[in-house]
Amino acid sequence: METSADREDGKETVKITVELLKSKSGEFDLESVLFLKLKGLGISDIGCIEKCVNLERVDLSDNSIKSLVALGSLKVLMVLNVSVNRIGNLEPLSACGNLQSLNAAGNLINSFDSLRCLTNLKKLETIRLHDSLHNHSNPICTNAAYRTIVLDMLPNIKVLDGERISGRG
């Protein structure tokens, strides 16, 4: 694992490297990687994850990630867990047309405009921005009209924050 000399909150920061991807996936050829579990590794830079072009599922939860830019090129990505990070912008995910499930609870998403980029993701049926079980949320979830606004904005959502939406599948 590559660590940088920069320290955040007293911890070394970790960047995703080719070596880390090969080690965690057990694959030599990154194009063969379909699933990655990189939970709780202190990752702050998702670096070269875009080299895993056939990645379908990835767990990047419980890290220190601020930017999702490298995920924008993952066209077959279906399930993404980025809960408990430092993400305020989901815009790069607008290019992930196969995304079906997104867990972004426990981040810094503070406006409904931050979710507007998800409106063109027609396959997105499950989204979690608030997780009451683990007490992870986003600033946006404190808005009294949160559920109504999210469901109006994303009409294909069938499960919001772990609860099935009646009348939607």
Side-chain angles (χ1 to χ4, degrees), residues 1-4 11-109 114-131 133-134 136 138 150 154-165 168-169:
M1 230 178 326
E2 180 178 304
T3 57
S4 78
K11 298 178 184 174
E12 288 187 4
T13 58
V14 178
K15 178 178 182 174
I16 293 179
T17 62
V18 170
E19 293 77 25
L20 176 64
L21 292 171
K22 288 179 179 181
S23 164
K24 292 295 182 179
S25 69
E27 297 284 347
F28 178 75
D29 179 10
L30 293 181
E31 291 183 11
S32 300
V33 178
L34 302 178
F35 174 79
L36 273 175
K37 186 169 186 175
L38 302 173
K39 178 180 181 172
L41 299 178
I43 296 168
S44 59
D45 183 344
I46 57 176
C48 64
I49 199 168
E50 74 271 0
K51 293 181 188 267
C52 300
V53 295
N54 293 308
L55 195 58
E56 295 176 357
R57 297 171 179 267
V58 63
D59 182 350
L60 292 166
S61 63
D62 197 20
N63 283 293
S64 299
I65 299 165
K66 293 180 182 176
S67 173
L68 299 176
V69 171
L71 297 177
S73 61
L74 300 179
K75 305 301 181 201
V76 297
L77 186 64
M78 294 186 290
V79 178
L80 176 62
N81 184 349
V82 289
S83 62
V84 194
N85 276 286
R86 298 176 181 173
I87 299 161
N89 181 0
L90 299 173
E91 183 65 37
L93 301 181
S94 65
C96 299
N98 280 315
L99 193 62
Q100 298 170 10
S101 177
L102 172 63
N103 184 347
N107 279 286
L108 304 174
I109 300 165
S114 299
L115 301 178
R116 214 164 293 289
C117 62
L118 304 176
T119 57
N120 291 328
L121 299 179
K122 303 304 179 199
K123 295 182 180 181
L124 185 63
E125 295 184 344
T126 302
I127 188 167
R128 184 181 293 266
L129 299 170
H130 176 78
D131 183 342
L133 183 63
H134 297 102
H136 300 307
N138 281 282
V150 170
L154 304 171
N156 295 327
I157 295 296
K158 294 183 175 140
V159 179
L160 174 62
D161 298 335
E163 294 180 27
R164 183 163 290 286
I165 307 304
R168 292 195 182 190

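- Lys15 NZ to Ile43 CD1: the interatomic distance, rounded to the nearest 0.5 Å, is 12.5 Å.
- For Asp59, the side-chain hydrogen bond (donor to acceptor under 3.5 Å, both in side chains) test picks out Ser61, with sequence neighbours left out.
- Residue Leu77 comes nearest to Arg57 through the heavy atom pair CD1-N, 4.1 Å, listed as atom of the first residue, atom of the second, then distance.
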Self-check item: Check against side chain to side chain contact (heavy atoms under 4.5 Å, CB included), Val79 and Asn103
Solution: CA-CA 8 Å; Val79 178; Asn103 184 347; over 6 Å; no
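- The structure places CD1 of Ile65 at 7.0 Å from CG of Leu68, a figure rounded to the nearest 0.5 Å.
- The shortest non-hydrogen separation linking Ser94 to Cys117 is CB-O, 3.3 Å.
- Just one residue in the list Ile49, Leu34, Leu71 forms a side-chain contact (heavy atoms from CB on, under 4.5 Å) with Leu55, and that residue is Ile49.
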Self-check item: Verdict with reasoning, Leu129 to Leu115, per side chain to side chain contact (heavy atoms under 4.5 Å, CB included)
Solution: CA-CA 10 Å; Leu129 299 170; Leu115 301 178; 3.8 Å; yes
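- Scanning all heavy atoms of the two residues, the minimum distance from Ala95 to Gly72 falls at CB-O, 3.2 Å.
- When every heavy atom of Gly47 is checked against every heavy atom of Asp45, the shortest pair comes out as N-OD1, 2.7 Å.
- For the pair Leu21 and Val33, the minimum side-chain heavy-atom distance is 4.5 Å or more.
- The salt bridge (charged side-chain N to carboxylate O under 4.0 Å, His left out) check on Arg116 picks up Asp113, with sequence neighbours excluded.
- Contact check for Leu80 versus Leu74: no side-chain heavy atoms found under the 4.5 Å cut-off.
- Once rounded to the nearest 0.5 Å, the distance linking CG of Asn54 with CG of Leu30 reads 10.5 Å.
- Closest heavy-atom contact between Lys51 and Val18: CD-CG2, 4.0 Å.
- Side-chain contact between Lys22 and Phe28 is present, with at least one heavy-atom pair separated by less than 4.5 Å.
- Annotation: side-chain hydrogen bond (donor to acceptor under 3.5 Å, both in side chains) contacts of Gln100 (sequence neighbours excluded): none.
- The main-chain N or O of Ala104 is found under 3.5 Å from a side-chain atom of Asn138 such that the two form a donor-acceptor pair.
- Side-chain contact between Leu118 and Leu124 is present, with at least one heavy-atom pair separated by less than 4.5 Å.
- In this view, Asn98 and Lys123 satisfy the side-chain hydrogen bond (donor to acceptor under 3.5 Å, both in side chains) rule, not counting sequence neighbours.
- Ile127 contributes atom CD1, which lies 9.0 Å from atom CG of Leu121 (distance to the nearest 0.5 angstrom).
- Between Ser114 and Leu90, the closest side-chain pair of non-hydrogen atoms is not below 4.5 Å.
- Every residue meeting the side-chain hydrogen bond (donor to acceptor under 3.5 Å, both in side chains) condition with His130, not counting sequence neighbours, appears here in chain and number order: Ser137.
- Val84 pairs with exactly one of Asp62, Asn63, Leu60, Asn107 by the side-chain contact (heavy atoms from CB on, under 4.5 Å) rule, that one being Asp62.
- Evaluation of the side chain to side chain donor-acceptor pair (under 3.5 Å) test over residues 68-84, restricted to residues two or more places apart or in two chains, returns Asn81-Ser83.
- Using a 4.5 Å heavy-atom threshold, the side chains of Leu160 and Leu154 count as separate.
- Atom CG of Leu99 sits about 10.0 Å away from atom OG1 of Thr126, to the nearest 0.5 Å.
- A heavy-atom distance below 4.5 Å is not found between the side chains of Lys158 and Ile165.
- Here CG of Leu36 is found 10.5 Å from NZ of Lys24. Values are rounded to the nearest 0.5 Å.
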